[in-house]
Structures are given as C-alpha cells and as structure tokens.
Amino acid sequence: MTKIGVLALQGAVREHIYHIEEAGAAGKIIKWPHELDRVAGLIIPGGESTTIGKLMVEYGFIDAIRDFHAKGRPIYGTCAGMILLAKRITEGDQPLLSLMDIEARRNAFGRQRESFEADLDIKGIGAFKAVFIRAPWIESISDGVDVMAEFDNIKVMARQGSLLVSAFHPELTGDLRVHKYFIEMVREV
Amino acid sequence: MIETGTLRVKTGLAEMLKGGVIMDVTTPEQAKIAEDAGAVAVMALERVPADIRASGGVARMADPTVIEGIINSVSIPVMAKARIGHFVEAQILEALGADYIDESEVLTPADEEHHINKWDFKVPFVCGCRNLGEALRRISEGAAMIRTKGEPGTGNIVEAVRHMRSVNEGISWLKGLREEELFAAAKDIQAPYELVKWVHDNGKLPVVNFSAGGVATPADAALMMQLGAEGIFVGSGIFKSGDPAKRAKAIVQATTHFTDAGLLAKVSKDLGEPMVGIEISQIPEAEMMQERGW
C-alpha cells in the first residue's frame, strides 16, 4: 500500500493521517528525518509555521526534506506547510524549505476573527468547501506553477510538479478529494 | 458565500495549535522570546499567575495597551484572559483582535453563577476544567477548546495531573456504559445528554484538550502529554525561571518529543533555576484558583 508520511513536529497531524487512511493509503507519523525513507509522499500539516520551521532546523529536517524532494517524491503543504514550501515569504525572517516557486504572505486574510469557510472551485477536483484559519495566500508565482484554485482572485491552491500547496485545510472537512488527488500524485511517480 | 466565526474555524485554530506550547507573556519583549523559542501562541497578561497570587486583590482583564503591544510584536496567535462571566471584557478582547479568549479562573470571577455565553462571539474561547462534567458544561456554552485547570502560579504539577486523569477516567467510564445508562450519567456529571452521548460514541472530547496550571519543567510538559494532553499552557513557569529563553525552547522540544526519554534528558540539562514552587496544602482554600468556575 502507498505510504504517506505526515510531518509530526506540531499541528493538525491526526486529521491528515485519518484522511490519508480513509482515502485508501497508509498514513505514517514522521518525527525524525530518517523516517522519511519509509514513505513515498509527505504532507506538511497546518500549525504554526514559525514553530514547525524552528523544529525542522533543530532536527535536521530542512536538508532531509530537500533530499526527499530531489528524489522526486511528492510533498503537499497545507497552510503552515504551504508557507514552509514557498521559495520566500513577503515579510519576516523564519526558516523555510524554499522549494516551490511561489511567494507566500502569512496571516494574509487577517486574524482569527477573519478566519472563514468559503466555496471554491478546484481545478481537476471541482466544488470544494474550504476552511481558512489565519490563512496565508499565494502572493505571486513563477512560470511552471499551476494555480488550482482562487478565492476572490487570490491564489489559494497551486501545484508545481511534485509539489502541492493549499492555504486552506481539507483535513478539517469530511471531504477526501484533495487527499485522493495527492495520493494519485504519489502513485504516479 | 463566506462564513466567519463558525464552529469549524473556532475549533480548527485549536487543532492547529496541537502539539504546541502556549506561553504567558506580559510584555512585547517576552512575547518575542516566546515566539523565538517556538511557542505556537502567547497569552497576553498584565501579571503572570504567580504574581497575581502574590499580590492578591481583584485580578481583571489586562490593559488593552498591553494586549495591543503584544499583538503588534509577534506573528503567532495572541490569546487573552477575561474574567469568568465577564462578557464585556470578552467583547473588548474580541474588538482588540485577540485570536482566542481564555475565560479564566486565574482572574477574579465576575459572575458566580453564569459563564459567558460563548456562542455569541466570533472569536473562539478556551475554558478550564477539573473533570469531564465541567469540560462538557463549558463546551455546551460554546467553548471551542478546553484545558485542564491544574493550580495556576504554583509550579506544582500535581493538580494538573489530577485533572487530566479525572477527565480521561470520565471518558473511559462513559465509553463503557450502555446506551440506556447515559441519561443518568448526564445527570450525575451535570452535563448535556447530547455531549455525553457524543463522548460515549467517540471516546474523546469533541474539542482539543490542553494541560495548564503548574508546568515548570520539560519533564512536566512531557508528563502531561503522555497522560493525554494535546498541548501545553505554561504560565509562570517560563518567565519566573532563571533562563526563560532556554527553558521555553526546552519545553517546546519536550512537548514535540514527549515519549523520547533520551531527548528529554538532553533538553532538561542546565536550564538554570526553575520557578519557586508552592506546595498545594500550603494554599488557603479561599486562594485555590481551580475552585472558581461552576
């Protein structure tokens, strides 16, 4: 069975594991870099990107995940995960993986009172109820990045080869289609 | 259509905080230290619980200047405390842009009968509990996150352990009951039947549960995580210790790798003086913060 890891340094890990398993793959908690050898794809979950980033540096995950990517293995980042995968962020100085040719803006939609749910139309997936929590957005992209969903003309989901990012949290809904899409990306490798 | 303040976005932020440490801070400088150490959120306060305990008098919501200063100094979520039942303090905190409101027993209660109707707000609330019944009462009032109370400002983990075990025992007990026994169980623990049934069916609380009140060391944090906490609040334990930045970072690491004794040993080394602890039996009954809330 296809094994997908979820980076478990901090954040909504359990929900991703549940979605991966419901979507027909095996979910594996990743706490140390050497555990990446055992999985074919990786999800970087939502949480606090500053916290996850610092812990990634502390435990040697930055180089390990860059190697994982270099081997062509797919990575999906939700919310904080999207920020960590971005080549750069608009403000602030924090550890990043800098793998995907996008610029992310943290807390772009505002504080918690501005957190919201909205209906999106995702390319290749269709209508989707999306949950945005203190969410970032994609400020700009380079060539080669395919925008998969927009909200109010703001880019909130994109793919570049084996990298997938969303500013919202499919793991907080009962909808498995985004996880199925990612599992397909992993199986196609 | 856009919907804000839904239960899903309220409980969702708590889900994002899981596995993390929320630290009490009183100044923008402390907030930066907490963020740099890897805190997932900070609790903006005028005084930490140990100082509230020492100074006595009525403890209220912090001055908005303190809260705004902290909001402007960090990019992580900022929580703030309102007195139990003081819904106007909560309205003010919501207007200030606090990301979570802690309706907290650390402050002097404003209402000895009613908690805040938390459904009235777009901002989510976290509330303390000592047992399952108290947790479910708070959830029925709209709390989107729960924390066990412990005894704040003591640096003594014993009450936090008692409360976490009590909540977990309550959940195991409900899980083992037969359907027809749930009605009497709801009456026993003074909680709504629908929530009692939900816990029976799912074997867990419907919202995230952190541990609070008494965490002073990385080992304390890991103990609470091993007992089933989904994350940690540290109040006085960091900024009442000798080397706050180092201790804060160590507690963050201990919360991530809470089952890894080798790592716990490593991060527990050379942290300087911990906060001075208080033995629970030395606290006069009237000064026990955990008794506040109903």
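These numbers were taken from a predicted model, which means no experiment stands behind them.
Residue B/Lys249 qualifies as open at atom NZ: its count of foreign heavy atoms under 6.0 Å is 12 or below. Surrounding OH of A/Tyr18 are at most 12 heavy atoms belonging to other residues, nucleotides or ligands under 6.0 Å away. Shown here is A/Phe109, whose CZ atom has more than 12 heavy atoms of other residues, nucleotides or ligands within 6.0 Å.
When all heavy atoms of B/Val9 and A/Val131 are compared, the closest pair comes out as CG1-CG1, 3.9 Å. The two residues A/Arg113 and B/Leu96 come nearest to each other via the heavy atoms NH1-C, 4.0 Å. Heavy atoms only, all atoms of each residue included: A/Leu9 and B/Thr256 are closest at O-OG1, 3.1 Å. Closest approach of B/Pro124 to A/Gln112, counting heavy atoms only: CD-CG, 3.5 Å. Smallest separation of non-hydrogen atoms from A/Gln10 and B/Met16: NE2-O, 2.7 Å.
Under a 3.5 Å cut-off, the side chain of B/Thr4 and the backbone N or O of A/Ser115 do not form any donor-acceptor pair.
Ranked by heavy-atom pairs shorter than 4.5 Å toward chain A, the options B/Ala98, B/Ser75, B/Ala37 are led by B/Ser75. Contact count against chain A (heavy-atom pairs under 4.5 Å) is highest for B/Ile71 among B/Val252, B/Val208, B/Val21, B/Ile71. Contacts with chain B were tallied for A/Arg111, A/His169, A/Glu171; A/Arg111 has the most, counting heavy-atom pairs under 4.5 Å. Contact count against chain A (heavy-atom pairs under 4.5 Å) is highest for B/Gly12 among B/Ala41, B/Gly12, B/Gly5.
From B/Ile76, atom CD1 reaches atom CZ of A/Arg106 across 8.5 Å, with rounding to the nearest 0.5 Å. Rounding to the nearest 0.5 Å places CD of A/Glu58 at 9.0 Å from NE2 of B/His257. One finds the NZ atom of A/Lys54 at 12.5 Å from the CD atom of B/Gln253 (value rounded to the nearest 0.5 Å). The distance from atom CD1 of A/Ile133 to atom CG of B/Asp99, rounded to the nearest 0.5 Å, is 11.5 Å. Between the CG atom of B/Leu17 and the CD atom of A/Glu48 there is a distance of 7.0 Å, given to the nearest 0.5 Å. Expressed to the nearest 0.5 Å, how far CD of A/Glu117 lies from CD of B/Glu3 amounts to 5.5 Å.
With a threshold of 4.5 angstrom between heavy atoms, B/Asp260 approaches chain A through side-chain atoms but not through N, CA, C or O. Contacts between B/Ala95 and chain A at a heavy-atom distance below 4.5 Å involve the backbone alone (N, CA, C, O). Interface remark: A/Asp119 contributes backbone and side-chain atoms alike to the contact with chain B (heavy atom separation under 4.5 Å). With a 4.5 angstrom heavy-atom cutoff, B/Ala14 does not touch chain A via any of its atoms. A/Ala8 touches chain B through its backbone: at least one of N, CA, C or O sits under 4.5 Å from a heavy atom, while the side chain does not. In this structure, the portions of A/Thr173 lying under 4.5 Å from any heavy atom of chain B include both its backbone and its side chain. Neither the backbone nor the side chain of B/Val123 has a heavy atom closer than 4.5 Å to any heavy atom of chain A. Only the side chain of A/Phe151 comes within contact range of chain B, with heavy atoms under 4.5 Å apart. Using a 4.5 Å cut-off between heavy atoms, B/Val78 contacts chain A through both its backbone and its side chain.
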Please step through side-chain contact (heavy atoms from CB on, under 4.5 Å) for the pair A/Val13 and B/Lys18, ending with a clear verdict. CA-CA 8 Å; A/Val13 176; B/Lys18 279 190 306 195; over 6 Å; no
